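The block underneath contains the structure these notes are about, expressed in structure tokens.
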Amino acid sequence: MGLIHQLPVELSNQIAAGEVIERPASVVKELVENSIDAQATQVLITVKQSGIKSIEINDNGVGIAADDVEIAFQPHTTSKISTDHDLFNVKTLGFRGEALASIASVSRLTVVTSTDGKSAVRAEFAGNTLLNKETHARSIGTTIKVEDLFFNTPARLKYVKSLHTELNKIVDIVDRLAMGHPEISFRLIHEGKDIVWTSGNSNLQQTIAGIYGRTIASHMMEFENSDEDYTIKGYFSKPDTTRSNRSYISLILNGRYIRNYQLANAVIRGYGSKLMVGRFPIAVIDIGLDPSLVDINVHPTKQEVRLTNEGHIAILLVKESKLSYPHKI
Ligand code: ADP
Ligand code: MG
């Protein structure tokens, strides 16, 4: 008798969760991305104990059809791509179809969803097992509540840092998702207190104000440029408004927050000697590119991407950040 066997589905989901769901902020990221993909215009995120006790995401998106609710929580199930052509033209934030299955495998999860605003479904899962499914009522959209994260994977819970650190990571994710989607109103409430609240009126500068404050936003310099392959626009702080690390340089590519060392560096290089040593600007750069020129399938959490035109965009960013504060400061 051989020794090789297929892993039970709960176990393979937990392994997948190990890659995608590292901490409460990963749950927030995945669920909010789903709300964005569902065309929500309002996303309310309510968090208790930095997400360890509970994370609730309430959206007014298209909802999940009653028949799809159980399927959505199976691994590798998605409504977003079907063919290899879709895979290389991804227009949504999700496409791997593993977030819901992964999150449900390491938490107690309740979903209430409606596609018509009349009938709704409420389903409860614990460690991926469907405990209960019943009809319910709610307006069109979806609410997903995740409680007792990592209750069944204590080793993972050990890697969760202080509540303060975990909350910061959640705020950071919500900030970046909000900057990528000024057309959506995001509200983050922690222990009853408003932490982030963006207007959703499509104005990036007002969204930046909702995140970094009005004073900073109003002093930032706007730029815009494009050629036949891409559009690039955003805001740079003046060299006298700086931070001690580069994490305030936000890069958004087709509405997706990305990390890209070369592009962040290009922004910094444009400031040249105007930046003091060890200081970094605040910048929000929004790049629009034909999806086929981007390979987002590089990293499971999809923050690192490959760009066909990276060098070209970098040169442009250096130029724009140089131009943004012409002579006097
Ligand atoms: P992916 O986002 O990669 O498709 P997920 O596991 O995150 O995979 O979600 C599975 C499917 O569940 C999605 O493709 C979508 O059809 C549906 N879904 C998840 N969250 C929502 C939501 N908030 N509103 C509407 N549909 C959703
Ligand atoms: Mg998803």
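Just so it is clear, the structure is predicted and the values come from calculations on it, not from any experiment. Both counts, for ligands and for their atoms, begin at 1 and track the order of listing.
A donor-acceptor pair under 3.5 Å is formed between the side chain of Arg279 and the backbone N or O of Thr242.
The minimum heavy-atom distance between Pro154 and Phe151, with the atom names listed, is CD-O, 4.5 Å.
The closest approach between a heavy atom of Lys80 and any atom of ligand 1 is below 4.0 Å. Residue contact annotation: Gly61 has no non-hydrogen atom under 4.0 Å from ligand 1.
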**Request:** Let me see the working for Leu130 and Phe73 under side chain to side chain contact (heavy atoms under 4.5 Å, CB included), right down to the final yes or no.
**Result:** CA-CA 9 Å; Leu130 178 69; Phe73 284 87; over 6 Å; no
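Less than 4.0 angstrom separates some heavy atom of Gly94 from each of these atoms of ligand 1: 2 (O), 3 (O).
The shortest N or O to N or O distance between Thr78 and ligand 1 is below 3.5 Å. Ligand 1 has an N or O atom lying under 3.5 Å from an N or O atom of Ala99, backbone or side chain. For ligand 1, the polar-atom distance check against Gly97 finds a nitrogen or oxygen pair separated by under 3.5 Å.
Within the 6.0 Å centre-distance limit, the rings of Phe236 and Phe223 are counted as a close aromatic pair.
Not a single ring-ring contact (aromatic ring centres under 6.0 Å, His included) links Phe150 to another residue, sequence neighbours left out. Legend: residues meeting side chain to side chain contact (heavy atoms under 4.5 Å, CB included) with Asp86, ordered by chain and number and at least two apart, are Ile81, Ser82, Thr83.
With a 4.0 Å heavy-atom cut-off, ligand 1 is reached by the side chain of Asp59 but not by its N, CA, C or O. Contact annotation: for Leu100 versus ligand 1, heavy atoms closer than 4.0 Å belong to both the backbone and the side chain.
Between the choices Ile57, Asn34, Ile64, the shortest heavy-atom distance to atom 27 (C) of ligand 1 belongs to Ile64.
Salt-bridge formation is detected for the pair Arg122/Glu134: a Lys NZ or Arg NE/NH1/NH2 atom is positioned less than 4.0 Å from an Asp or Glu carboxylate oxygen.
The Mg ion (ligand 2) lies at 2.8 Å or more from every N, O or S atom belonging to Thr78.
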